[in-house]
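Taking it in order: structure first as structure tokens, then the write-up.
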Amino acid sequence: MSRVIKQKKGNYVIINNLREEIEVSDVDAIFPFHNEIATFRVSTKDGKKFGYINSNGVKITKNVYDHAEDFGEYYGLVKIGKLQNLIDRSGKELFEWKYTYVTPFMKKTFIAKFIY
């Protein structure tokens with residue numbers, strides 16, 4: 001299981017399953033890994049933005065989301081404003097940005113609520 005530590009000079013280091021140390025710069029925080037994907041946070045001119053990074057130190061999304069939940073078995077939940085979407089393991093958004101509520105129901109079945 002991958003884990004994250006913070007070095008003294010301020011950068012984060014991911015220690016992956018092979019015990020390789022991968023330094024990650026340009027992030028304010030990397031949160032604990034879930035299913036080999038972690039949420040990261042960056043401060044921007046528009047405030048704090050979130051994205052996902054894998055255990056090899058590759059950012060699978062840009063830091064464009066207002067919030068990102070822990071990554072589930074198949075998907076991560078992200079929010080921009082009042083709208084929600086799901087991200088797959090490759091970083092692809094599953095839906096158009098038109099739902100105020102999205103949740104996985106069963107493996108590849110979802111419950112979504114439209115905005116009105």
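Predicted, not measured: the structure shown is a model, and the values here were computed from it. When a residue number appears, it is its place in the shown sequence, counting from 1.
- For Gln84, there are no side-chain hydrogen bond (donor to acceptor under 3.5 Å, both in side chains) partners at least two apart in sequence or on another chain.
- Remark: Lys49 engages Asp66 in a side-chain hydrogen bond (donor to acceptor under 3.5 Å, both in side chains) (not counting sequence neighbours).
- The shortest non-hydrogen separation linking Asn16 to Glu20 is ND2-OE1, 2.7 Å.
- Around CG of Asp26, the count of heavy atoms belonging to other residues, nucleotides or ligands within 6.0 Å does not exceed 12.
- With sequence neighbours left out, Lys92 forms a side-chain contact (heavy atoms from CB on, under 4.5 Å) with Asp88, Ser90.
- Taking CG of Leu77 as the start and NE2 of His67 as the end, the distance is 7.0 Å to the nearest 0.5 Å.
- Put simply, the side chain of Phe50 does not reach to within 4.5 Å of the side chain of Asn63, judged on heavy atoms.
- In terms of the side-chain hydrogen bond (donor to acceptor under 3.5 Å, both in side chains) criterion, residue partners of Ser55 (sequence neighbours excluded) are, by chain and number, Glu36.
- Applying the side-chain contact (heavy atoms from CB on, under 4.5 Å) rule to Tyr52 yields the partners Ile37, Thr39, Ile60, Thr61, Ala68, Phe71, Val78, Ile87; only residues at least two apart in sequence or on another chain are considered.
- The distance from the CG atom of Asn54 to the CG atom of Asn35 is 13.0 Å, given to the nearest 0.5 Å.
- With sequence neighbours excluded, the residues satisfying side-chain hydrogen bond (donor to acceptor under 3.5 Å, both in side chains) with Glu93 are Tyr65, Trp97.
- Nearest approach of Lys48 to Ser43, heavy atoms of both residues: NZ-OG, 4.0 Å.
- Grouping the Ile, Leu, Val, Met, Phe, Trp and Tyr side chains by contacts below 4.5 angstrom, directly or via other members, places Tyr74 with Val102.
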message = What verdict does the side chain to side chain contact (heavy atoms under 4.5 Å, CB included) test give for Asn85 and Leu94, after you've listed the backbone C-alpha separation in whole Å, the side-chain angles of each residue and the deciding distance to 0.1 Å?
response = CA-CA 7 Å; Asn85 208 333; Leu94 269 60; 4.3 Å; yes
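- Between Ile53 and Ile14 there is a side-chain heavy-atom pair separated by less than 4.5 Å.
- Under the 4.5 Å side-chain criterion, counting only non-hydrogen atoms from C-beta, Glu23 is not in contact with Glu21.
- With sequence neighbours excluded, the residues that form a side-chain contact (heavy atoms from CB on, under 4.5 Å) with Val27 are Tyr12, Val24, Ile30, Phe40, Val42, Lys59.
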